[in-house]
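The structure appears right after this line, and notes come after that.
Note on naming: letters A, B, ... go to the chains in the order of the sequence lines (proteins, then strands), and numbering restarts at 1 for each one.
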Number of protein chains: 2
Amino acid sequence: MVKSHDHSQSHRRVRADHATELAEDYVEAIDDICRESGSCRAVDLARRFGVSNVTVTRTVSRLVRDGYAQTEPYGPIELTPKGKRVAEHARARHQIVYRFLLSLGVSEKTASVDSEGIEHHVSRETLHAMQRFIDHTARPSDG
Amino acid sequence: MVKSHDHSQSHRRVRADHATELAEDYVEAIDDICRESGSCRAVDLARRFGVSNVTVTRTVSRLVRDGYAQTEPYGPIELTPKGKRVAEHARARHQIVYRFLLSLGVSEKTASVDSEGIEHHVSRETLHAMQRFIDHTARPSDG
DNA sequence: GTCGATGTTTAGCCCATGCTAAATTTGCGG
DNA sequence: CCGCAAATTTAGCATGGGCTAAACATCGAC
Ligand SMILES: [Mn+2]
Ligand SMILES: [Mn+2]
Ligand SMILES: [Mn+2]
Ligand SMILES: [Mn+2]
């Protein structure tokens with residue numbers, strides 16, 4: 001049983017996770033797209049997230065407001081140093097969760113989809129446990 | 001790498017998960033509190049979630065609107081049959097995620113906090129993998 | 001039976017995140 | 001150089017989910 005804990009602490013954490021989630025996913029995506037194609041446009045993010053270009057524009061404006069990205073009118077979207085750091089961190093964490101799910105035995109498709117949500121709720125402690133599991137499971141006798 | 005393409009499917013799934021998340025947590029909490037103390041009041045939920053009583057009232061009104069709960073003015077909050085079904089399902093899933101994290105080796109506190117967010121992003125396939133892991137880990141002399 | 005503490009509701013506010021429609025800008029092919 | 005297509009921006013809308021303040025209802029102590 002989830003014994004008589006202070007549930008409110010857990011729910012506060014979940015709300016905090018959600019408050020930073022979209023920023024993390026966006027900077028990760030911006031970094032990905034810049035690597036793949038040299039620069040990132042709003043239309044690229046709209047396709048990536050499956051939302052309208054207007055939604056992207058406004059989300060990016062929050063990233064700019066919060067110091068994660070910068071843009072010029074009608075120009076590409078670029079990350080600030082702060083944005084790049086967050087992107088690196090988010091990517092590393094996402095990778096661990098993804099590979100952990102694969103190690104657990106789920107399909108690539110499912111690992112890809114589930115990790116997109118799970119990654120934001122994994123504490124340091126759990127992330128380390130996942131990393132240990134990956135290391136432990138990665139047998140040399142694997143193809 | 002988080003294999004190529006169609007990230008949009010993953011993000012749509014995450015958005016869908018979040019759209020049902022609060023309802024799931026509320027019906028689970030209402031069910032819990034009813035079991036513990038016989039009936040559930042707004043003030044109990046406010047304490048549980050760490051939000052104001054007004055936020056609870058409005059969230060519960062959405063639950064009523066969507067057929068998960070019913071209330072009378074100044075009365076307790078009760079689940080409909082539909083609400084009870086969702087609560088059972090949410091509790092079972094939450095339990096598996098919680099016990100899975102314990103099996104992975106994280107502390108009770110961390111398992112409690114992390115499972116509160118993770119539970120909503122776990123697909124059927126991943127849930128089954130977690131259950132298998134629990135079962136496999138539970139026996140002391142594994143094969 | 002009254003009263004005050006406690007709980008609930010109402011009114012009004014905020015921000016994030018989704019949308020469509022329309023205006024504007026850019027950049028390219030001809 | 002021009003005009004069109006694609007991209008971006010602006011305007012306006014919706015819902016969810018958080019808040020405080022203040023009005024209102026309920027209920028147990030006295
Ligand atoms: Mn994500
Ligand atoms: Mn989430
Ligand atoms: Mn739950
Ligand atoms: Mn939850």
Side-chain angles (χ1 to χ4, degrees), chain A residues 7-27 29-30 33-34 37-78 116-117 120, chain B residues 7-27 29-30 33-34 37-78 116-117 120:
Chain A
H7 290 87
S8 76
Q9 283 307 111
S10 302
H11 290 291
R12 285 178 202 278
R13 237 285 304 280
V14 172
R15 291 197 294 271
D17 292 343
H18 286 163
T20 57
E21 166 159 357
L22 206 56
E24 291 169 352
D25 285 339
Y26 265 62
V27 296
I30 292 167
I33 291 166
C34 283
S37 73
S39 84
C40 176
R41 311 291 313 211
V43 69
D44 301 318
L45 293 169
R47 194 166 30 243
R48 160 87 59 139
F49 287 100
V51 298
S52 74
N53 68 312
V54 178
T55 295
V56 166
T57 296
R58 287 231 325 262
T59 303
V60 169
S61 77
R62 285 198 302 277
L63 295 184
V64 171
R65 180 197 65 188
D66 296 338
Y68 297 108
Q70 49 191 350
T71 62
E72 298 164 55
Y74 299 95
I77 297 155
E78 282 162 28
E116 192 59 74
H120 307 280
Chain B
H7 291 88
S8 77
Q9 283 308 110
S10 302
H11 289 290
R12 285 178 202 278
R13 237 285 305 276
V14 171
R15 290 197 294 271
D17 292 342
H18 287 162
T20 58
E21 166 159 357
L22 207 56
E24 291 169 353
D25 284 340
Y26 266 61
V27 296
I30 293 167
I33 292 166
C34 282
S37 73
S39 83
C40 177
R41 312 291 313 211
V43 69
D44 302 316
L45 292 169
R47 195 166 29 243
R48 161 87 60 139
F49 288 100
V51 298
S52 74
N53 67 314
V54 177
T55 295
V56 166
T57 296
R58 285 230 326 259
T59 303
V60 169
S61 77
R62 285 198 302 277
L63 295 184
V64 171
R65 181 197 64 188
D66 297 337
Y68 297 107
Q70 51 191 350
T71 62
E72 298 164 54
Y74 299 95
I77 297 156
E78 281 161 29
E116 192 60 75
H120 307 279

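Between Ile77(B) and Ala69(B), the shortest heavy-atom contact is CG2-CB, 4.4 Å. In terms of heavy-atom proximity, Leu45(B) sits nearest to Cys40(B) at CG-SG, 3.8 Å.
Taking the side chain as every heavy atom from C-beta outward, Ser8(A) and Arg12(A) approach each other to under 4.5 Å. For the pair Val14(B)/Asp25(A), no side-chain contact is recorded, criterion being any heavy-atom separation below 4.5 Å from C-beta on. When side chains are defined from C-beta on, Val51(B) does not count as touching His11(A), because their heavy atoms never get closer than 4.5 Å. Counting heavy atoms from C-beta outward, His18(B) and His120(B) have side chains that stay 4.5 Å or more apart.
Scanning for side chain to side chain contact (heavy atoms under 4.5 Å, CB included) contacts around Val54(B) gives Ser52(B), with sequence neighbours left out. Listed by chain and residue number, nothing satisfies the salt bridge (Lys or Arg N to Asp or Glu O under 4.0 Å) test with Glu21(A) (two or more places apart in sequence, or in another chain). For Leu22(A), the side chain to side chain contact (heavy atoms under 4.5 Å, CB included) partners at least two apart in sequence or on another chain are Tyr26(A), Thr59(A), Arg62(A).
Take the nearest nucleotide of DNA chain D for Cys40(A) and for His18(B): the residue whose nucleotide is more 5' is Cys40(A).
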Please produce a list of atom pairs where a protein N or O lies less than 3.5 Å from an N or O of nucleotides 18-20 of chain D.
unit_1  : atom_1 : unit_2   : atom_2 : d
dG18(D) : O6     : Arg58(B) : NH1    : 3.1
dG18(D) : O6     : Arg58(B) : NH2    : 3.4
dC19(D) : OP2    : Ser52(B) : N      : 2.8
dC19(D) : OP2    : Ser52(B) : OG     : 3.1
dC19(D) : OP2    : Thr55(B) : OG1    : 2.8

When you compare the protein's N or O atoms with those of nucleotides 24-26 of chain D, which come within less than 3.5 Å of each other, and at what distance?
unit_1  : atom_1 : unit_2   : atom_2 : d
dA25(D) : O4'    : Tyr74(B) : OH     : 3.1

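Between Asp44(B) and Arg41(B) there is no salt bridge, since no side-chain nitrogen of the basic residue lies less than 4.0 Å from a carboxylate oxygen of the acidic one.
Extent of DNA chain C lying under 4.0 Å from chain A heavy atoms, first and last nucleotide in 5' to 3' order, is dA16(C) to dT26(C).
Rounded to whole angstrom, the span from the NE2 atom of His11(A) across to the P atom of dG16(D) amounts to 20 Å. In this structure, the CG atom of Asp25(B) is 17 Å from the P atom of dG16(D), given to the nearest Å.
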